Peer 1: 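Dumping the structure here so I can ask a few things about it.
Keep in mind that what you see is a predicted model, and the values were worked out from it rather than measured. Atoms within each ligand, like the ligands themselves, are counted from 1 in listed order.
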Amino acid sequence: MSPHLFVLFGATGDLAAKKLFPALYRVSREADDGIRVLGVGRSDWDDGDLRDAAVDGLTETGVSDDDARAWAEETLFFAQVEAYDDLDPVFERADEIEAEAETGGNRAYYLALPPSAFPGTIRALGEHEDAAGRAPNEDGEQSGGWTRLVIEKPFGSDLESAKKLNGIVHEHFREEQVYRIDHFLGKETVQNLLVFRFANALFESLWSRAHVERVEVVVTETNDASGRAGYFDGVGTMRDMIQNHLTQLFALTAMEPPARLDAEGIRREKIKVLRSTRTASPEEAVYGQYGAGDGQEAYTEHEGVDADSTTETFAAVRLHVDNWRWQGVPFVLRTGKRLKERLTEILVTFRRPPVALFQGAKGECEPTPNVLRIRLQPDEGFRLSFDVKTPGSGFQTATQHLDFDYESAFGAFPDAYETLLRDVTAGDTTLFVHAEEAEQAWRVYEPLLDADLDVHTYDSGSWGPDEAARLGITLDPDDSPSDC
Ligand code: BG6
């Protein structure tokens, strides 16, 4: 890891306090070779204000006050700007810090900003890099230190805007310099999906239309949109969650084995499977919005939300992949807010036995399929269901499980942002979204983005609108077929 200056745009925001400062603290503690952080914001803050905010964020994650303070004093600085396309105060301060800390001109620019500020900021950064003679040559070599551009989600709001944003980025930066964040990719168990699939021949040989009946990607959340209606209302779950986080999980589950386990190998396969994914159809999508329930107000009662808002807080969509491996296997992506439990998992339902030898042993039940549950949060791990004979005469069967629990095997693991920031400082783009990947992910959902879909109200604390069952899924995990 080389010394560098980490320029954090949006340093006064929530993401910085809760996630980025704790992650930067851990990453820079590991590397004692001079990381400095220059926070940028429009608020009337100085170095002291930024350090106080960071110390608060750090102590909440268990860092002692003394350690947090010592780190903040040494590492953090602040530059105030009037507008994000006028960055002279940032560059002046950056030069001073670099000269003193000898960071070798290496810079990471991290944009944790509202999407409307992306184009102006990227242009201003790019023009500065060009004028300072820091732009890489045709071979990607850069003199005077490296530059990396890190962009938080959302990357555009549809295909056209994502293309436009990529255009602005590529006017000044090479794709290898760009790190588009999807924080799900930093989660340890999401990366473990790759190992699970490609280090275990057992499952990979079953991973196709020949053996899999359907795949579900499920992210149920208990949180709601109160307090962030300004961002969420009008954006909705399709853009906030499905196009990015769930689509990444889908792509990692459905992609072909990469030629190599590096950024190019993995991202190429994800792009390929997204290209093979049929454009979603409004007939195969269900939207919902939480009503009141569990003593909580409805979505439309939140401050900042119109009483007649039709923004979806739940979305389920069935996708189809037109390739040799997956032809005919539905992939159902589903997520919602204010649901009964917080749960992120991928469910792979295998085909049932072709002959129902034991039919009748369980009353009305069909033979149960084997289901592989890859649990990404909480209680990270795997669970494979299978049937066994119960003791006694006759062939009575019961479903049992093989379980693997990640934490009891390995202990706690790093936060997603820590992993991602470590990769930015190490120059590894594997866990970041490629330009074409972002565009393909928007392309898949184009017909849904402005479609006038019915938005079904569901009770807060339920599993979502019953209408979603028409996509061939079971909303309540306690009703899964393996418990039939
Ligand atoms: C964010 C979304 O990107 O991810 C939120 O904007 C969502 O709406 C969050 O709640 C979920 O992330 P995690 O890591 O808490 O599962």
Side-chain angles (χ1 to χ4, degrees), residues 10 13-20 22-23 57 60-61 110-116 118 150-157 162 179-193 217-250 252 287-290 296 299 302 304-305 309 311-316 333-346 374-381 406-407 412-421 431-433 438 441-442 445 460 464:
D14 233 26
L15 182 72
K18 287 200 180 122
K19 295 285 184 187
L20 300 176
E60 269 176 39
T61 66
Y110 192 112
L111 273 48
L113 293 173
S116 58
F118 286 164
V150 192
I151 308 174
E152 262 294 339
K153 78 170 250 278
F155 195 85
S157 55
Y179 296 68
R180 292 174 198 78
I181 292 235
D182 184 311
H183 79 276
F184 268 46
L185 289 175
K187 291 180 193 264
E188 198 67 34
T189 40
V190 174
Q191 296 160 60
N192 192 40
L193 245 183
V217 177
V218 182
V219 180
T220 58
E221 300 193 280
T222 49
N223 64 3
D224 58 29
S226 58
R228 60 198 288 252
Y231 156 72
F232 190 85
D233 199 43
V235 170
T237 292
M238 179 53 74
R239 288 181 165 91
D240 181 50
M241 295 289 289
I242 298 242
Q243 184 272 344
N244 38 72
H245 305 324
L246 279 87
T247 302
Q248 285 295 330
L249 298 181
F250 154 69
L252 289 169
Y287 280 3
Q289 186 189 79
Y290 54 81
Q296 295 178 292
Y299 175 74
H302 291 325
V305 175
S309 168
T311 298
E312 77 284 1
T313 62
F314 174 101
L333 279 51
R334 152 168 66 104
T335 183
K337 297 204 176 295
R338 228 6 133 65
L339 299 177
K340 192 164 180 181
E341 277 171 36
R342 177 170 181 256
L343 191 70
T344 300
E345 59 185 16
I346 296 163
I374 306 177
R375 175 72 69 89
L376 303 167
Q377 63 186 23
D379 308 328
E380 294 80 354
Y406 215 84
E407 198 169 339
F413 32 82
D415 179 72
Y417 274 98
E418 194 181 324
T419 304
L420 295 176
L421 293 191
L431 300 179
F432 297 84
V433 180
W442 282 117
Y445 303 109
S460 286

Peer 1: Identify the closest protein heavy atom to atom 15 (O) of ligand 1: which residue and atom is it, and at what distance?
Peer 2: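 Answer for atom 15 (O) of ligand 1: R342 NH2, 3.9 Å.
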Peer 1: Heavy-atom contacts with D240 under 4.0 Å: which atoms of ligand 1 show up? List them by number with element.
Peer 2: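 This gives 2 (C), 5 (C), 6 (O), 8 (O) as the contact atoms.
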Peer 1: How far is atom 7 (C) of ligand 1 from the closest protein heavy atom, and which atom is that?
Peer 2: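 The protein heavy atom lying closest is E221 OE2, 3.3 Å.
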Peer 1: So, taking the atom named CE in M241 and the one named CD in E221, what distance separates them when rounded to the nearest 0.5 Å?
Peer 2: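 Reported to 0.5 Å precision, the distance equals 4.0 Å.
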Peer 1: Considering the heavy atoms of M241, write down every atom of ligand 1 situated less than 4.0 Å from one of them.
Peer 2: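 In order of numbering, the contacting atoms are 2 (C), 7 (C).
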Peer 1: Run the side chain to side chain contact (heavy atoms under 4.5 Å, CB included) check on D224 and H302 step by step: do they pass?
Peer 2: CA-CA 10 Å; D224 58 29; H302 291 325; 4.2 Å; yes
Peer 1: Which atoms of ligand 1 are found less than 4.0 Å from any heavy atom of K153?
Peer 2: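 Answer, ordered by atom number: 1 (C), 2 (C), 3 (O), 6 (O).
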Peer 1: Find all atoms of ligand 1 within a distance of less than 4.0 Å from any non-hydrogen atom belonging to H245, and give their numbers and elements.
Peer 2: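 Listed by number with element, the hits are 1 (C), 3 (O), 4 (O).
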Peer 1: Between the side chains of Q377 and T344, is a donor N or O closer than 3.5 angstrom to an acceptor N or O?
Peer 2: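 Their side chains do contain a donor-acceptor pair, which is all the 3.5 Å distance test asks for.
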Peer 1: Within a distance under 4.0 Å of any heavy atom of K187, pick out the atoms of ligand 1 and give their elements.
Peer 2: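 Selected atoms, number and element: 13 (P), 14 (O), 16 (O).
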Peer 1: For the side chain to side chain donor-acceptor pair (under 3.5 Å) test, which of D240, D233, T237 pairs with T311?
Peer 2: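 Among D240, D233, T237, the one that satisfies the side chain to side chain donor-acceptor pair (under 3.5 Å) with T311 is D233.
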Peer 1: Any idea which protein heavy atom is nearest atom 16 (O) of ligand 1, and the distance to it?
Peer 2: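 Checked against all protein heavy atoms, atom 16 (O) of ligand 1 sits closest to Q377 NE2, 2.8 Å.
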Peer 1: Students should be able to answer this: which protein heavy-atom is nearest to atom 12 (O) of ligand 1, and at what distance?
Peer 2: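 Scanning the protein heavy atoms, the shortest distance from atom 12 (O) of ligand 1 goes to H183 NE2, 3.1 Å.
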Peer 1: Between R228 and ligand 1, which part of the residue brings a heavy atom under 4.0 Å of the ligand: side chain, backbone, both or neither?
Peer 2: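 It is the side chain that gets close, since no backbone atom is under 4.0 Å.
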Peer 1: Distance under 4.0 Å to a non-hydrogen atom of N223: what atoms of ligand 1 satisfy this?
Peer 2: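 Those of ligand 1 that fall under 4.0 Å from N223 are 10 (O).
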Peer 1: Using heavy atoms and a 4.0 Å limit, tell me yes or no: is F184 in contact with ligand 1?
Peer 2: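 Heavy atoms of F184 do come under 4.0 Å of ligand 1.
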Peer 1: Starting at CG of L185, measure out to CG of L420 and round the result to the nearest 0.5 Å.
Peer 2: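 These two atoms lie 7.5 Å from each other.
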Peer 1: Can you find a pair of side-chain heavy atoms, one from Y110 and one from I181, that are under 4.5 Å apart?
Peer 2: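 Sidechains of I181 and Y110: in contact.
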Peer 1: Apply side chain to side chain contact (heavy atoms under 4.5 Å, CB included) to E152 and L15, showing your working.
Peer 2: CA-CA 10 Å; E152 262 294 339; L15 182 72; 3.5 Å; yes
Peer 1: Just how far is it from atom OG1 of T222 to atom NZ of K337, taken to the nearest 0.5 Å?
Peer 2: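 Going from OG1 on T222 over to NZ on K337, the span is 9.5 Å.
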Peer 1: When you look at NZ of K18, are more than 12 heavy atoms from neighbouring residues, nucleotides or ligands closer to it than 6.0 Å?
Peer 2: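 Not buried by this count: 12 neighbours or fewer within 6.0 Å.
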Peer 1: What atoms of ligand 1 come closer than 4.0 angstrom to any heavy atom of K337?
Peer 2: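 The list of qualifying atoms is 5 (C), 7 (C), 8 (O), 10 (O).
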